[in-house]
Amino acid sequence: MRSCSYLVLLFVAGCGGSARSPSDGGTAHAITDDGHGTYTITLDHFVVAPGEERYACQSFANPFGGAPAAIHQFASHMTPGSHHLLVFYKPGATDGPIADCSGLEFAPGPYGSQRPDDAIAYPDGVAAVVAPTDGFRVQAHYLNASPAPLDVTVEVRLSRIDDAAVHDRAAVLFFSNLAIDVPAGQSGVVAQKTCTLPFAVNLLQATGHMHQHGRSFVAAAAGATIFSSTAYSDVAPALFDPPLALPAGSAVTFACTYDNSDGAAPLHFGDSARTDEMCIFTAQFYPAPFGGWSCS
């Protein structure tokens with residue numbers, strides 16, 4: 001298994017205001033196929049103004065001709081300045097223009113990242129499986145801290161393999177703590193949650209998601225730390241090679257520590273990386289005969 005990051009990140013604020021026109025003047029894209037098993041999702045071009053926080057979403061029709069598709073590898077590129085990327089499954093999706101969207105929008109999906117350039121390749125015989133009726137919806141979150149407009153390019157590449165080569169399906173665990181309450185003027189406040197796995201899993205990678213006030217993220221299972229980070233942006237995941245086996249009934253406990261010492265208002269769960277917080281644990285795993293699993 002080869003990987004650089006994930007998140008099934010992940011997440012953040014309604015963009016505010018009405019939706020803007022496709023790619024701020026560009027042309028809508030469909031998924032392209034190179035004829036050799038690589039499919040490329042390219043979001044319409046969009047611009048993030050200086051100081052702006054923006055969520056952009058775009059839907060894409062299924063490009064696989066009405067048959068199930070086994071995806072063995074994902075790779076992504078985002079213009080620097082990104083906070084996260086999420087790829088959702090979307091039943092009955094049609095090709096549409098990019099538009100502003102809510103950062104609280106969520107659906108099951110096969111891939112996410114918090115890094116400008118990222119990839120995951122599953123072990124032999126393992127793949128994410130796209131249903132014949134599913135297309136994709138892609139969410140990109142940007143926060144432009146620079147004094148200049150940010151011209152954004154977002155691309156996701158999917159590498160398809162023969163269905164006959166797949167014996168285990170891969171999917172994503174998505175655990176979210178909605179009970180975040182960090183009073184104004186306080187630091188060192190911890191939000192912690194435990195989720196219990198209903199089935200046995202082999203973890204390929206794990207990561208955590210926080211916003212600007214997050215100072216540490218720690219996740220533990222089977223008596224050991226399985227992920228830790230002090231970063232809220234460009235978060236490097238924990239990689240497991242060989243995969244980390246966790247039996248059914250395993251408890252996964254994850255905790256986020258926050259600093260709101262300079263804040264004038266309390267922090268709660270929400271989509272703004274500036275004024276809200278999150279504490280989300282995600283992991284790529286297999287086998288997943290029923291798809292992904294969430295806990296909140």
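Here Phe227 pairs with Phe217 under the ring-ring contact (aromatic ring centres under 6.0 Å, His included) rule; sequence neighbours left out. Under the salt bridge (Lys or Arg N to Asp or Glu O under 4.0 Å) criterion, Arg274 pairs with no residue, sequence neighbours left out.
Using a distance-only test at 3.5 Å, with no hydrogens or angles considered, no donor-acceptor pair links the side chain of Asn260 to the main chain of Gln186.
Using a 3.5 Å distance cut-off with no hydrogens or angles, the side chains of Tyr122 and Gln284 do pair a donor with an acceptor. No hydrogens or angles considered: a donor-acceptor pair under 3.5 Å links the side chains of Ser216 and Thr257. In this structure, a donor-acceptor pair under 3.5 Å is present between the side chains of Thr275 and Ser272.
Remark: Asp124 CG to His167 NE2 distance equals 7.5 Å, nearest 0.5 Å. To the nearest 0.5 Å, the span separating CG on Asp234 from NE2 on His83 amounts to 11.0 Å. Remark: Asp117 CG to Ser76 OG distance equals 7.0 Å, nearest 0.5 Å. To the nearest 0.5 Å, the span separating CD on Gln212 from CG on Leu267 amounts to 10.5 Å. Here the straight-line distance linking atom CG of Leu85 with atom CZ of Arg115 works out to 13.5 Å at 0.5 Å rounding. Within the model, atoms CG of Leu244 and CG of Leu204 stand 10.0 Å from one another, a figure rounded to the nearest 0.5 Å.
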message: If you apply the rule salt bridge (Lys or Arg N to Asp or Glu O under 4.0 Å), what do you find for Asp134 with Lys90, and how did you get there?
response: CA-CA 5 Å; Asp134 281 353; Lys90 184 173 176 64; over 6 Å; no
Verdict with supporting geometry, Ile120 and Tyr111, side-chain contact (heavy atoms from CB on, under 4.5 Å): CA-CA 9 Å; Ile120 181 168; Tyr111 180 75; 3.8 Å; yes
task: Could you walk me through whether His84 and Gln139 pass side-chain contact (heavy atoms from CB on, under 4.5 Å), step by step?
output: CA-CA 8 Å; His84 78 261; Gln139 179 193 90; 2.7 Å; yes
message: For a ring-ring contact (aromatic ring centres under 6.0 Å, His included) check, start with the C-alpha distance between Phe64 and Tyr39, then their side-chain angles and the critical distance, and finish with the verdict.
response: CA-CA 9 Å; Phe64 306 118; Tyr39 296 77; 4.8 Å; yes
Criterion side-chain hydrogen bond (donor to acceptor under 3.5 Å, both in side chains) on Thr40 and Arg157, from CA distance to verdict: CA-CA 4 Å; Thr40 301; Arg157 295 185 304 281; 5.7 Å; no
message: With side-chain contact (heavy atoms from CB on, under 4.5 Å) as the criterion, how do Asp271 and Asp276 come out once you've worked through the C-alpha distance, each side chain's angles and the decisive distance to 0.1 Å?
response: CA-CA 6 Å; Asp271 52 7; Asp276 299 315; 3.8 Å; yes
task: Go through the steps for Met278 and Phe269 under the test side-chain contact (heavy atoms from CB on, under 4.5 Å), then give the verdict.
output: CA-CA 5 Å; Met278 287 190 172; Phe269 182 89; 3.8 Å; yes
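Applying the disulfide (SG to SG under 2.5 Å) test to pairs two or more places apart or on separate chains, those with a residue in residues 130-242 are Cys195-Cys295. Screening residues 103-136 for disulfide (SG to SG under 2.5 Å) gives no qualifying pairs among residues at least two apart or on separate chains. The side chain to side chain donor-acceptor pair (under 3.5 Å) analysis of residues 190-204, with sequence neighbours excluded, yields the pairs Thr194-Thr253. Under the disulfide (SG to SG under 2.5 Å) criterion, the residue pairs touching residues 220-279 are Cys256-Cys279, with sequence neighbours excluded.
In summary, the aromatic rings of Phe174 and Phe106 are positioned with their centroids under 6.0 Å apart. A centroid separation of 6.0 Å or more is found between the aromatic rings of Trp293 and Phe285. Taking the centre of each ring, Tyr232 and His209 stay at or above the 6.0 Å mark.
Within the 4.5 Å cutoff, the side chain of His213 has no heavy atoms near those of the Val182 side chain. The shortest side-chain heavy-atom distance between Leu158 and Thr38 does not fall under the 4.5 Å cut-off. Counting heavy atoms from C-beta on, the side chains of Leu86 and Val138 never come closer than 4.5 Å. In this structure, Cys57 and Glu105 have side chains that are in contact, with non-hydrogen atoms separated by less than 4.5 Å. A heavy-atom distance below 4.5 Å is found between the side chains of Pro110 and Phe74. Within the 4.5 Å cutoff, no side-chain heavy atoms of Val154 are placed close to those of Thr79. Using a 4.5 Å cut-off on side-chain heavy atoms (C-beta onward), Asp181 and His268 make contact. With a 4.5 Å cut-off on side-chain heavy atoms, Glu53 and His141 count as touching.
Nearest approach of Ser176 to Ile280, heavy atoms of both residues: OG-CG1, 3.6 Å.
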